[in-house]
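The structure displayed is predicted, hence computed values, not measured ones.
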Amino acid sequence: MPQNLWNADSAARLPDLDGLVYRSNLLGSDRAVVNIYGGNTSAKLTLIDHAGRSTNVLAVKASGSDLLTIAEKGFALLRLDEILPLFQRDMMSDEQMTDYLSRTAFEPGRPRQSIETLLHAFVPFKHVDHTHPDAVISIACAPDAEDQARRLYGDRMAFVPYIRPGFKLSQWIGHKLIDHPQIECVVMGKHGLITWADNSKTCYDNSIRLIQEAEDYIADACKGKRVFGDLHVESLNAADRAAIMAQVLPIIRGAVSSNGSTILAYDDSETVLAMVGGAKAAEVSQLGAACPDHLVHVKRQPLFVDWSPADGVDALKARIPGDVRAYQERYVDYFEQNSESGDEMGNPAPRVILIPGLGMINTGKDATNADVSRQLYHRAIEVIGGSEALGGFVSLSAKEAYDIEYWPLELYKLKLAPPPRDYAGKIVLITGGASGIGRMTAFRLAQDGAHIVIADINRAGGEQTAAELNERFGFKRAIFTHTDVTSEAAVQDTLRQTVLTYGGLDVLVNNAGIAGGAPVEDTTLEMWQRNIDILVTGYFLMAREAFRVMKAQGIGGTMVFVASKNAVFPGKGSTAYNAAKAAEVHLARSLAEEGGAYGIRVNSVLPDAVIRGSSIWDSEWKESRARQYGIQVHELNDFYRQRNTLKVEILLEDIAEAIAFLGGPRSAKTTGAMLTVDGGVPAAYVR
Ligand code: NAD
């Protein structure tokens with residue numbers, strides 16, 4: 001139920017553009033009123049220009065922003081007096097319209113105006129809301145949409161059958177309002193709602209009131225009905241769903257990732273489970289998108305996997321690759337049947353996958369993108385359900401859908417994104433990521449697009465690192481999993497969480513470590529065992545579980561072992577550490593051999609003393625090393641610098657850079673290698 005959230009006190013203090021921001025954020029706060037990135041709002045303002053002239057300005061949402069979070073800078077400002085004469089034209093192409101509008105900018109440097117700008121300009125009221133309310137779209141997608149809308153709104157409404165947004169639709173609406181000044185709204189077939197007023201509050205009140213009426217209407221129609229049919233497949237319980245998805249998600253990721261890297265989002269909410277388990281779900285899910293604005297993120301159809309828990313997990317695993325292939329073939333047909341010369345086909349993989357009993361999987365180029373798809377399909381479920389309750393769901397035709405999906409003006413939004421980076425859409429698990437080298441690597445790879453799993457025994461440091469990564473790089477770019485790498489169960493659980501969060505794994509950075517060691521006679525069995533447990537057994541356990549996930553995905557992967565110069569040139573007096581590090585690199589080379597057949601590359605980085613920022617260099621270890629070399633603790637830094645050929649200090653950033661190289665595409669033809677990052681220690685030159 002949409003709530004009227006208007007706060008007169010807050011609103012009164014907000015003049016002009018800030019007032020528009022306030023109203024937009026309120027509308028955006030209810031996704032059933034306006035979906036993520038969808039809809040747009042405007043205000044006709046009088047502003048003073050750079051030369052001190054009072055100017056009529058249309059402030060309209062810019063392309064690509066979201067009403068929930070839009071700020072003042074998210075609005076385009078255009079000179080209204082230069083736009084209004086366009087109303088008299090007979091026709092304008094999209095390109096002409098965009099070109100013309102970009103020349104009416106009131107202020108340089110603002111983002112490009114919404115593709116629905118003319119509609120806002122031609123509505124002869126100061127404030128205009130264009131929303132995508134679930135309930136209104138349910139009505140607008142019913143088989144007898146206009147009759148249903150008329151039954152609800154009577155002559156307070158004008159109904160416009162579906163026309164792709166642009167000049168013609170805007171002009172049509174402008175004329176309707178001139179001819180019928182008493183109407184309160186326009187319902188756009190298969191699309192959404194337009195409301196208006198001469199002040200911002202009344203505009204908002206009108207939007208909420210009319211949407212509430214539509215919600216009541218749909219609620220009434222739904223009463224006593226199972227809109228997706230009788231229960232056909234019962235949902236599994238949460239634990240069973242997670243256990244199955246942990247096996248199935250890597251296979252899905254492998255199947256959909258052929259054209260690049262993909263992040264998955266898994267949703268097993270009650271709403272989704274109820275929908276996918278319905279007897280009509282397979283059929284109605286294929287009828288088409290629930291709103292033109294959804295298309296780019298959910299495609300025209302989801303992939304519906306015809307499976308039931310009674311068939312068993314193996315059957316599901318076996319059928320996914322074929323189902324995805326068949327979906328892609330259908331997509332290619334759709335493209336070929338509707339494309340015009342010059343169109344370039346996008347990734348044919350599904351963005352939404354529905355599996356009875358289990359839920360929904362969304363795909364995206366990153367976690368945000370997958371989540372947008374997830375959120376939009378929730379809207380689709382509501383819209384389709386509402387239309388079904390009214391007698392059936394009628395979507396855009398294939399051609400109408402194609403014209404939106406491949407609309408140059410829509411694609412423009414996507415083109416705003418920067419070109420993909422080395423780790424875009426990649427999933428990277430870093431052991432020991434809470435501190436030192438691991439933490440620096442996490443930031444380095446996230447900067448290049450990676451989604452990071454920090455696996456560490458240090459909870460406070462790990463949580464802090466993941467929080468900072470999310471803060472800096474955005475939604476769900478990192479998670480922390482509390483992991484002791486020496487525990488088989490903990491390692492398995494970490495891989496499970498990784499898969500359930502992101503869908504799979506591309507890169508394992510085996511890095512967790514300790515400093516430890518003493519001359520052989522002082523090396524206790526416990527000390528020896530601790531080094532072996534963390535640096536050898538821990539690396540083995542992580543690598544084995546990562547290997548299993550990578551193999552199931554079938555799209556290769558990389559592992560980078562952070563060993564040490566000591567792996568090839570032992571430091572005197574740290575026997576256990578030296579031996580463990582040597583075992584580590586040999587483990588890496590063994591895995592390189594086994595992984596080759598699956599495109600899994602395994603390499604090692606061999607740092608020498610990285611003192612600043614590493615917590616293994618606590619005072620005890622510093623003292624032990626200084627004692628070993630017969631120097632003072634404060635001389636250590638210089639000692640290490642002087643002993644290498646380049647006379648340089650080795651920094652966390654240097655190791656992170658080497659890991660970035662070996663873990664990513666720039667080293668695509670290197671495996672089983674050791675890369676020293678030690679300023680040149682001749683005795684450690686790799687032979
Ligand atoms: P660091 O102490 O700053 O980070 C190591 C991280 O590993 C810590 O966050 C710690 O909590 C974690 N860890 C320890 N035991 C763990 C366990 N059982 N399970 C999960 N996490 C565990 O040290 P660093 O310098 O960043 O070291 C990282 C790696 O680099 C280590 O393998 C180390 O041997 C290697 N290395 C470091 C240097 C150096 O001089 N700093 C030189 C050569 C190699």
Side-chain angles (χ1 to χ4, degrees), residues 16-18 20-21 24 37-67 69-130 163-174 191-192 194 196 292-293 295-296 340 342-344 403-419:
D16 294 344
L17 199 47
D18 290 338
L20 176 59
V21 171
S24 306
Y37 294 124
N40 31 65
T41 50
S42 69
K44 299 179 181 81
L45 309 170
T46 307
L47 301 179
I48 306 298
D49 78 0
H50 61 288
R53 292 168 298 204
S54 175
T55 310
N56 292 324
V57 170
L58 175 69
V60 63
K61 191 189 100 163
S63 205
S65 38
D66 178 24
L67 286 184
T69 52
I70 196 167
E72 188 264 343
K73 286 282 173 220
F75 285 89
L77 299 181
L78 307 173
R79 291 172 184 276
L80 186 59
D81 294 343
E82 294 177 14
I83 300 175
L84 289 177
L86 298 179
F87 192 51
Q88 307 308 329
R89 292 210 181 176
D90 289 337
M91 195 50 210
M92 261 184 125
S93 71
D94 293 339
E95 292 71 24
Q96 286 167 334
M97 186 177 75
T98 308
D99 181 53
Y100 185 101
L101 289 175
S102 67
R103 288 161 195 271
T104 67
F106 173 74
E107 213 178 74
R110 285 197 171 254
R112 189 160 104 172
Q113 67 283 343
S114 155
I115 50 189
E116 274 149 338
T117 293
L118 284 190
L119 180 162
H120 288 267
F122 295 165
V123 171
F125 287 86
K126 280 181 84 169
H127 296 267
V128 181
D129 291 340
H130 166 37
I163 310 176
R164 191 172 76 170
F167 181 81
K168 197 171 141 206
L169 176 65
S170 308
Q171 201 181 42
W172 189 99
I173 290 170
H191 184 169
I194 304 165
W196 51 79
D293 266 51
L295 265 161
V296 171
E340 283 160 25
D343 288 357
E344 253 178 66
D403 288 346
I404 289 283
E405 198 178 339
Y406 284 88
W407 191 10
L409 297 190
E410 274 286 342
L411 294 180
Y412 165 82
K413 290 186 201 170
L414 303 180
K415 286 192 184 131
L416 292 177

Side-chain heavy-atom pair Pro165, Trp407 within 4.5 angstrom cut-off
yes
Contact summary for Ile48 and Ser54, nearest pair of heavy atoms:
CD1-CA, 3.9 Å
Are Asn56 and Lys44 packed together at the side-chain level, in the sense that at least one heavy-atom pair is separated by less than 4.5 angstrom?
no
Nearest 0.5 Å, please: how far is CD in Glu107 from OG1 in Thr55?
11.0 Å
Given side chains that start at C-beta, do those of His130 and His191 come closer than 4.5 Å, heavy atoms only?
yes
Would you say that Met97 contacts Ile115 through its side chain, given a criterion of any heavy-atom pair below 4.5 Å between the two side chains?
no
If you measure from CG on Leu47 to CG on Asp16, what distance do you get to the nearest 0.5 Å?
6.0 Å
Closest heavy-atom pair, Asp94 versus Gly166, reported as atoms and distance to 0.1 Å, is OD1-CA, 4.4 Å
Heavy-atom closest pair, residues Ala76 and Pro111
CB-O, 3.6 Å
Determine, stepwise, if the pair Asp293 / Tyr37 fulfils side chain to side chain contact (heavy atoms under 4.5 Å, CB included).
CA-CA 8 Å; Asp293 266 51; Tyr37 294 124; over 6 Å; no
For the pair Trp196 and Phe125, name the ring-plane relationship: parallel under 30°, tilted 30 to 60°, perpendicular over 60°.
parallel
Return yes if some donor-acceptor pair links the side-chain N/O of Asp99 with the main-chain N/O of Gln96 below 3.5 Å, else return no.
no
Rounding to 0.5 Å, atoms CH2 (Trp172) and CZ (Phe122) come to a distance of 15.0 Å
Nearest-0.5 Å distance, OG of residue Ser65 to CZ of residue Arg112
13.0 Å
Using every non-hydrogen atom in the two residues, find where Ala71 and Val21 come nearest and quote the distance to one decimal.
C-CG2, 3.8 Å
Could you tell me which non-hydrogen atom of Leu84 sits nearest to which non-hydrogen atom of Ala121, and how far apart they are?
CD2-O, 3.5 Å
For Arg79, the option from Asp49, Leu101, Leu58, Val57 that meets side-chain contact (heavy atoms from CB on, under 4.5 Å):
Asp49
Main-chain N/O of Ile83 paired to Tyr100 side chain as donor or acceptor, under 3.5 Å:
no
Can you check whether Leu17 reaches Leu77 side chain to side chain, under 4.5 Å on heavy atoms?
yes
Would you give the length of the straight line joining atom CD of Gln171 to atom CE of Met92, rounded to the nearest 0.5 angstrom?
10.5 Å
Between CZ on residue Phe75 and CG on residue Asn40, distance to nearest 0.5 Å
9.5 Å
All heavy atoms of Tyr406 vs all of Asp343, minimum pair found to be CB-OD2, 4.5 Å
Donor-acceptor contact present, side-chain Lys61 to main-chain Gly39, <3.5 Å
yes
Compare all side-chain heavy atoms of Gln113 with those of Thr98 and state whether any distance is below 4.5 angstrom.
yes
